[in-house]
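All heavy atoms count here, side chains included; hydrogens, waters and symmetry mates do not. Heads up: numbering here begins at 1 and tracks the sequence. A quick note: this is a predicted structure, and the numbers were derived from the prediction, not measured.
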Amino acid sequence: MTRVRLKMHLSRDKLSGAAAFCALMAMAPCAMATSASQAPVQAFDPDLIQHDPNGKAYISIRDSYGILTAMEHGDPAQLHAIHDGLGKRIPAASASYVVMAGLCDAALARVQGDLTGSDAFLDRARKAAGPLGDPARSINPLDLLFETVRVGNLMLEGRTQDWARAHDRLVQVYFAPIRQFYRLPDLEFRNIDPLTLSVPADTIPQPSVSGPESEHVDFEASHVRIGGRSLPLAQGPITLGDIRTQAIFDTGSFLGSIPAAMARQQHFTVVGHIGQQSDGSTRTRTAEIVLVPALTIGRTTLTNQMMTISQASTVIVGMQQLSQLRHVVFSEHALHFGRGTPLACTDRMTLRSMRNGMTMSLLLPVSHDGTEGHALVDTGDNTLEVLTVRLRSFPAALTGHLQSEEVETMQGRFVQHIAIRPQTLRIGAVSHEADVKYELGDWSMPPAITFGAFRYGALQFDRTEGVACFR
């Protein structure tokens, strides 16, 4: 059976020098370079440079405690464990402890949706780091991590004008001297810098959101049926520029996207391009970024939004746009939002995001097949199955139950093999017997809660208040 669906998818109490920094980061003795016009480049050792098979050089930086890895996985329990264990590795009265505890607190605040709090913790950590937290006095990996998270917070918050200016500073103050230090003018900062602007940062306008206190958009009925049942579809009317069209409201995407033909028709300004991005399968893509002057949902208008140009046939409204709205409630039939929309939710939000702020997923607690964990919410996946689990390969128990499925993502259409098994699931506060789908893909990603789950409950969230639940 062929199935069709839409899936849119970084003295001893003072860190006064490079030697103290190296001990903190558990690195080899530090390299240092100075010039008359810039701060010294410190602790960027040769082993930080890696090469692709084609010889392309790139740099990879992570803290030795796993703080940013836990943040990128959306794992608050691991962040608490790291924080609790810092005192066993670093004297609690030292500036080193304050620095790493501050980075950990900043990561935890971001995971819980508190981007303002994350910035405050980063500022405290940088102050404790002394010269090593001041790029005018030292360019080093730790401060680069601080700055990367801070710049990423701006993108997650939808403050794209502030992000553009901060990103430009990141390139000039950090990337340029590091490339000069290594004598690698084309050195890539891959887990830091996937989006490259093609216009001056000062030309990116300030975004805004305006609309009534309470808003709702009814979802369109799907015309695709499987086994006599209509596929669920989080699709409703929007206005993009001066075109009235339909869009998928997709929590599984971040920037959102526009079909290439529509972008050409509207003459949207290309402001940059984004590097290799995955749609959750094994496929990746590069894409141009355009600036959308106005995106209107109901009577609410979001101005100056960055969105990608895609190979899909439908506009995608992603999490960067959705998280700028207040009191968001997704049901099976409609999207409600606005400060006046009732929000019966007190559970703390859990977000999974890359340090650079170019991806963000909302996680909810899930139990299935005897395991408990978290799954990301993907309202752009409109399959009937409630949960999608990605595998590296199909186990023997599933190979006899494979079927084909036609999928459309931002990269276009393709056919994949899947297997389906009924299970008892719990998502948030809702338990139900439902089908789980297994497919090949990026098995490092958590399972995905599809829009099919919305037959049994509704998603509620507010990023500003830091709450999210399914009930």
Side-chain angles (χ1 to χ4, degrees), residues 6 8 74 112-114 156-158 209-222 231-239 246-254 256 295-302 305 315-352 360-366 374-382 386-387 425-432 434 448-471:
L6 290 170
M8 305 303 296
Q112 295 173 342
D114 183 5
L156 293 177
E157 202 169 0
V209 181
S210 60
E213 284 291 297
S214 185
E215 185 76 88
H216 85 277
V217 175
D218 292 324
F219 293 146
E220 299 289 323
S222 172
L231 285 180
L233 197 60
Q235 177 173 293
I238 64 164
T239 301
Q246 296 288 308
I248 301 290
F249 298 96
D250 184 8
T251 59
S253 297
F254 179 60
L295 166 65
T296 302
I297 307 170
R299 296 163 294 165
T300 297
T301 298
L302 297 85
Q305 299 295 301
V315 175
I316 303 297
V317 176
M319 270 299 282
Q320 193 195 56
Q321 290 81 42
L322 294 170
S323 63
Q324 294 178 60
L325 306 177
R326 302 299 306 275
H327 290 198
V328 180
V329 179
F330 265 96
S331 70
E332 183 182 12
H333 302 293
L335 173 67
H336 298 260
F337 59 91
R339 294 175 183 270
T341 299
L343 197 68
C345 189
T346 58
D347 298 346
R348 181 164 285 173
M349 171 177 279
T350 302
L351 295 177
R352 170 188 173 104
M360 177 171 67
S361 301
L362 178 61
L363 300 179
L364 292 176
V366 168
H374 285 79
L376 61 87
V377 185
D378 187 356
T379 56
D381 187 338
N382 71 322
V386 169
L387 194 71
L425 293 93
R426 177 179 56 79
I427 302 173
V430 177
S431 296
H432 213 278
I449 300 165
T450 75
F451 196 58
F454 287 62
R455 301 194 303 272
Y456 309 116
L459 171 68
Q460 305 180 36
F461 69 89
D462 188 302
R463 206 272 312 152
T464 302
E465 295 182 13
V467 294
C469 61
F470 189 82
R471 57 182 66 238

Q | Counterpart residues, salt bridge (Lys or Arg N to Asp or Glu O under 4.0 Å), relative to Asp347 (two or more places apart) | A | none

Q: List for me each residue that meets salt bridge (Lys or Arg N to Asp or Glu O under 4.0 Å) alongside Arg426, sequence neighbours excluded, and say none if there are none.
A: Glu372

Can any side-chain N or O of [X] pair as donor or acceptor with the backbone N or O of [Y] at less than 3.5 Å?
X	Y	answer
Arg299	Ser214	yes
Gln112	Arg348	no
Arg463	Leu156	no
Gln320	Gly256	no
Gln305	Gln321	no

**Q.** Pair Thr296-Thr301, side-chain donor/acceptor within less than 3.5 Å
**A.** yes

State, yes or no, whether a side-chain contact exists between [X] and [Y] at a heavy-atom distance under 4.5 Å.
X	Y	answer
Ile297	Phe249	yes
Ser253	Met319	no
Gln324	Leu302	yes
Gln235	Ile248	yes
Leu233	Phe219	no
Val377	Ser361	no
Asp250	Asp378	yes
Leu362	Thr251	no

**Q.** Interatomic distance, Leu364 atom CG to His374 atom NE2 [nearest 0.5 angstrom]
**A.** 7.5 Å

Minimal non-hydrogen separation, [X] against [Y], with atom names:
X	Y	result
Ala344	Cys469	O-SG, 3.9 Å
Val366	Ala375	CG2-CB, 3.6 Å
Met349	Phe461	CE-CB, 4.0 Å
Ala247	Ile238	CB-CD1, 3.6 Å
Asp462	Thr464	OD1-N, 3.0 Å
Val329	Pro342	CG2-O, 3.9 Å

Q | side-chain contact (heavy atoms from CB on, under 4.5 Å) evaluation trace for Thr346 with Val467 | A | CA-CA 6 Å; Thr346 58; Val467 294; 5.5 Å; no

Q. Which of these passes side-chain hydrogen bond (donor to acceptor under 3.5 Å, both in side chains) with His327: Gln460, Glu213, Glu465, His336?
A. Glu465

Q: Applying ring-ring contact (aromatic ring centres under 6.0 Å, His included), name anything that partners Phe454, two or more places apart in sequence or on another chain.
A: Phe451, Phe470

Q.
Can you tell me which residue among Thr350, Leu351, Ile449 is in a side-chain contact (heavy atoms from CB on, under 4.5 Å) with Leu363?
A. Thr350

